[in-house]
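The block underneath contains the structure these notes are about, expressed in structure tokens.
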Amino acid sequence: MAFTRAVRRPIGVFYYSVSGRFSSGNDYSTVASKLETLSQYKSSVSSGYTSPVRGFGCFLRSFSSEAPPVSDQMSLIKQLRERTSAPIKDVKASLVECNWDLEAAQKDLRKRGKVLASKKSSRTAAEGMLAVAQNEGKVAVIELNCETDFVARNEIFQYLALAMAKHALLIENSSQQVSGVLPFGPELFEEFKLNLDHPKVNGETTVSNAVTEVAAIMGENVKFRRGFLMSKSSAGVLSAYLHTSPQPGLGRIAGIVSLEVEGENTQLEAIQRVGSELAMQVVAAKPLFLSKDLVSSEAIANEREILKSQAESTGKNQMAIEKIVEGRLRKYFEEVALMEQKFILNDAINIKTLVDNLSKEVGSPVKVTNFLRVEVGEGIERLEASDESVAQTA
């Protein structure tokens with residue numbers, strides 16, 4: 001206790017006090033231990049150059065738990081919070097742990113965040129954003145998931161999603177197809193290098209590390225789920241549409257359409273206009289196949305069996321049942337095949353007629369070669385229903 005009080009006095013008084021007690025031969029174990037620490041400090045200084053003033057300041061801090069003034073504390077908390085966007089509780093805990101050293105606390109926060117992110121990686125992440133990037137020959141779409149819509153609206157999360165989509169354009173399509181859709185997952189993409197330029201996440205890092213760092217900042221499970229790359233032929237046009245879009249390049253549902261024009265055609269504006277309308281059609285009407293010729297025989301057989309069972313329940317004769325089944329099967333094709341669907345902007349025509357009219361307008365045959373529809377969270381089992389039932393039983 002006497003030694004602790006001495007630490008709070010001016011250095012000269014402190015040193016005099018310690019020296020006096022040592023010379024007087026008083027056998028205080030606490031004083032002996034502190035002097036032993038002091039001798040270790042002196043030996044460390046002599047072995048390698050260290051600033052005596054700075055070193056002795058560190059020595060004094062080891063004996064004193066005094067924090068900086070409240071105004072300085074608040075300033076440090078604010079600075080670290082601005083740098084990292086971490087919760088204030090975690091910011092203060094790291095500063096206290098690191099003796100209010102700003103740089104050390106920032107490193108400590110990143111370590112804590114990565115540990116927390118790994119612990120949360122098993123939690124369901126069914127929210128998020130789709131990010132779309134496009135150049136002359138490709139369109140890339142990636143899905144970045146999180147746990148809540150609140151995080152999906154965060155500008156750091158959205159910045160990372162857009163950066164990942166732009167980088168996905170660098171992926172090479174190794175398939176033999178000139179045009180087509182290349183799906184890719186974390187195993188292909190997570191080790192790619194990103195060069196980020198954001199106040200909170202910056203520098204060169206891998207996709208995997210960037211996602212982990214954003215997860216640490218957000219305090220949620222954040223993960224890259226999947227991506228798609230669509231290419232076009234030299235005579236093709238790619239069009240994309242994003243639904244529920246908070247800013248250009250982001251949305252919750254994406255529709256992408258590839259059109260091909262025979263020969264050289266200068267009327268690209270008309271083709272791009274119809275391409276955008278078709279991408280919107282894909283989002284709204286949810287086609288499963290490009291044309292009825294591409295509907296799988298298995299899907300047709302299953303649908304025919306269901307329709308026949310429904311028709312037989314009416315009690316009509318076999319000839320009437322067959323007519324009912326064929327009529328409803330045509331209706332099924334209009335629902336699942338893009339070229340058979342009614343045009344959402346003019347239901348007097350179908351998509352096949354729309355494309356034929358476009359061919360006449362531009363003076364060259366135009367055809368739809370491919371399409372893609374992606375929605376955030378599709379196929380991910382959500383836990384709301386089970387959580388609700390648990391709450392009701394409780």
Side-chain donor or acceptor of S309 paired with backbone N/O of I306 under 3.5 Å
no
Does the side chain of M164 come within less than 4.5 Å of F189's, by heavy atoms?
yes
Validation row: I380, N145 side chains within 4.5 angstrom (heavy atoms):
yes
Donor-acceptor contact below 3.5 Å, side chain K342 vs main chain E334:
no
Rounded to the nearest 0.5 Å, what separation is found between the CD atom of E322 and the CD1 atom of I324?
10.0 Å
Shortest non-hydrogen contact between Q341 and E335, atoms and distance
NE2-O, 2.9 Å
Got F228 and R226 here, is their nearest side-chain heavy-atom distance under 4.5 Å?
yes
Relative to the ring of H167, is the ring of F192 parallel (under 30°), tilted (30 to 60°) or perpendicular (over 60°)?
perpendicular
Keeping the roles fixed (side chain from E147, backbone from V222), state whether a donor-acceptor pair exists under 3.5 Å.
no
Could you check whether any side-chain N or O of S245 sits under 3.5 Å from a backbone N or O of L242, counting only pairs where one atom can act as donor and the other as acceptor?
no
Pair E361 + R273, salt bridge at N-O below 4.0 Å
yes
Separation of N357 CG from N346 CG (nearest 0.5 Å):
9.5 Å
I'd like to know if the side chain of E378 reaches the main chain of E375, judged simply by a donor and an acceptor atom lying under 3.5 Å from each other, with no hydrogens or angles considered.
yes
Is it the case that the side chain of S291 and the backbone of M339 share a donor-acceptor pair, with hydrogens and angles ignored and the cut-off at 3.5 Å?
no
Compare all side-chain heavy atoms of N317 with those of M319 and state whether any distance is below 4.5 angstrom.
yes
Sole residue of R225, R252, K223 in salt bridge (charged side-chain N to carboxylate O under 4.0 Å, His left out) with E143
R225
Could you tell me whether the side chain of Y159 and the main chain of D197 form a donor-acceptor pair under 3.5 Å?
yes
Spatial distance of atom CZ (R373) from atom CG (L338) [nearest 0.5 Å]:
12.0 Å
If we only count heavy atoms from C-beta on, is the I271 to Q267 side-chain gap below 4.5 Å?
no
I need the E277 CD to I351 CD1 distance, nearest 0.5 Å.
9.0 Å
Out of curiosity, Q134 CD to K232 NZ, how far, rounded to the nearest 0.5 Å?
9.5 Å
Let me confirm one number: the CD1-OG1 distance from I217 to T212, rounded to the nearest 0.5 Å.
11.0 Å
Side chains of I300 and F333: does their closest heavy-atom pair fall under 4.5 Å?
yes
Could you check whether any side-chain heavy atom of F343 comes within less than 4.5 Å of a side-chain heavy atom of T353, counting everything from C-beta outward?
no
Any donor-acceptor pair under 3.5 Å from Q272 side chain to V237 backbone
no
Using atom types as modelled and distance alone, determine if a side-chain donor or acceptor of S359 lies under 3.5 Å from a backbone N or O of V355.
yes
Non-hydrogen atoms of N370 and G180 that approach each other most closely
ND2-CA, 3.7 Å
Are any non-hydrogen side-chain atoms of I156 and M218 less than 4.5 angstrom apart?
yes
Using every non-hydrogen atom in the two residues, find where S364 and V261 come nearest and quote the distance to one decimal.
CB-CG1, 3.8 Å
Are the charged groups of D149 and R153 less than 4.0 angstrom apart, N to O?
yes
